[in-house]
There are 2 protein chains.
Amino acid sequence: MEEKRYLPHIAYDSVIFGFSGNQLKILIMKYHNTGLFALPGGFVKIDEDLNAAVRRGLKERTGLDNIYLEQFYTFGDVSRYQPEAMKTILEANGHDVPENHWMLDRFISIAYYALINFEKVVPTPDALSDSCDWYSLNKLPALMQDHQLIVEKALQTLRDNLERKLVGVNLLSPLFTMNDLQKVYEAILGEKLRRTTFQRKMLSLNILQRHDKQYSGKAHKAPYLYSFKQETLI
Amino acid sequence: MEEKRYLPHIAYDSVIFGFSGNQLKILIMKYHNTGLFALPGGFVKIDEDLNAAVRRGLKERTGLDNIYLEQFYTFGDVSRYQPEAMKTILEANGHDVPENHWMLDRFISIAYYALINFEKVVPTPDALSDSCDWYSLNKLPALMQDHQLIVEKALQTLRDNLERKLVGVNLLSPLFTMNDLQKVYEAILGEKLRRTTFQRKMLSLNILQRHDKQYSGKAHKAPYLYSFKQETLI
DNA sequence: TTATTATTGTCACGAATTGAGACAATAACT
DNA sequence: AGTTATTGTCTCAATTCGTGACAATAATAA
């Protein structure tokens, strides 16, 4: 990681949402020998588009291309500047850290959230971390710096966008039941929804393609499987 | 403007909305001797919060404190990097510009929109510009770099936020008629609204305080004046 | 004083949407 | 064949919304 290849003072953080066990989860990194937890993030190369840098990072953490991605806020308070934490991380990794190391500078961070299919992800730590794992939103460890705030703002933005954007598409497998979809909405909104109203609403949007039934082996009526209609995908 | 006092590679741009003559307008700067038009913007001091830097710039351009301000996107494409334009501006101002001048570097720009009371603003150019003036959105001059795109995204965000945030407050005088408010909404949305529906909707929100009537001298019924209820202000 | 004019505040009615529950259909098990 | 849990759909009331009607009214004209 050569200093001259990255724009100084500029970082990004990504809140990567997945859905599993009826819960929203996000990817969290744990740094070597420090007990420090953080959002996956990175830096922007001198000749690289900001969005491309974030996609590059996402690919490294998840193995996935073509991820649904939204930029939602840029955090630029001076209080973010906590060089001790970064120094701890670098030293715990055996780096000799000069006083003027570029990673100890003040950074502003452009924050993104991503929506991905939980099943398809292979969480992968980077050189400084020994784990990259899923955590439920209500069981997050204490996070570095203002990362807790970043997560909260990501969730708020996701909620605000829920009606305007096709959120379910990106968190589910291509085939899903109406109940699966409802669980996603409930996890995002943090509240129970009424089954019949939800079904009527979704069907009236005219974005779902109905397929064969899904026989679960349980003693009750089998639900239809659905996919999102091709033309509605972004 | 000493180099060392600002964070390199980081700028902000602000889309400052005002409402006058039933139209949405924004403030545009014109640089000395160049014919170049741009959004008001600036840089972040080494020890300054990002939001504070933007407010500082707004104060300089408008004379106003306590402005309603929303950050909406950070532009970070490499294609923004057009050092010739900045060099032109600096040279037109009599500066001797070394090859490695910090303002000729690549910048990412954090974009904000502000909503202000047109009446109260005293548009003020900066050292590099000879005017700072109001332009209607549909009569903008050709803008530098990606500033046209920034304006479009600002307007789109403003529209998206219209139902969720109390937008009218910030563009109108403290006392206004229902018709004034409707004109603001129409200017933002770019479409005519139905008078009776609009009135019913606004009154049902329970955010308006009714005051005395406003006698205009015209030959018809006088409308009530309204203000936003104190507790609804942000 | 009495029409006239333009605009405003409110109501009325039907259409469309939403909330809440009822109920029959149905896979698999007893 | 009866039971159970879940699903798809329907109904009815409550609410919101689109649309127009209409009376109230401030200033002007007659």
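Everything quoted here is computed from the prediction, not taken from an experiment. Letters A, B, ... are given to chains in the order of the sequence lines, protein chains preceding strands, and every chain is numbered from 1.
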What does nucleotides 19-26 of chain D look like as a protein-contact string, B for base, S for sugar-phosphate only, - for none, at under 4.0 angstrom between heavy atoms?
BBB--BBB
Heavy atoms only: give me the nearest A:Val78-B:Glu48 pair and the separation to one decimal.
CG2-C, 3.3 Å
Spacing of A:Lys201 atom NZ relative to C:dT17 atom C1', expressed in whole Å:
9 Å
Roughly, in whole Å, what's the span from CG in B:Leu203 to C1' in D:dT16?
15 Å
With the threshold set at under 4.0 Å for non-hydrogen atoms, list the residues of residues 178-187 of chain B touching DNA chain D in residue-number order.
none
Nearest-Å distance, CG (A:Asn206) to P (C:dT17)?
13 Å
Check whether the ring centres of B:Phe176 and B:Phe228 lie less than 6.0 Å apart, and answer yes or no.
yes
Neighbour count >12 (heavy atoms, 6.0 Å) for atom NZ, B:Lys213:
yes
Measure the distance from CD on B:Gln214 to P on D:dA27 and round it to the nearest whole Å.
11 Å
Integer-rounded Å distance: C:dT17 P and A:Leu205 CG
11 Å
d(OH, B:Tyr226; P, C:dT8) in whole Å:
11 Å
Gap between atoms CD and P, on A:Gln199 and C:dT18 respectively (whole Å)
15 Å
Would you please indicate yes or no on a ring centroid separation below 6.0 angstrom for B:Phe75 and B:Tyr73?
yes
With sequence neighbours left out, write down each residue that passes side chain to side chain donor-acceptor pair (under 3.5 Å) with A:Gln199, or none if nothing qualifies.
none
Answer yes when B:Lys59 and B:Asp65 have at least one side-chain N-carboxylate O distance shorter than 4.0 Å, and no when they do not.
yes
Check the orientation of A:Tyr135 and A:Phe37. Use parallel for under 30°, tilted for 30 to 60°, and perpendicular for over 60°.
perpendicular
To the nearest angstrom, the CE-C1' distance between A:Met202 and D:dG8 comes to 16 Å
Would you say A:Asn138 has more than 12 foreign heavy atoms packed within less than 6.0 Å of its CG?
yes
Count the heavy atoms belonging to other residues, nucleotides or ligands that lie under 6.0 Å from CG of B:Asn66, then report whether that count exceeds 12.
no
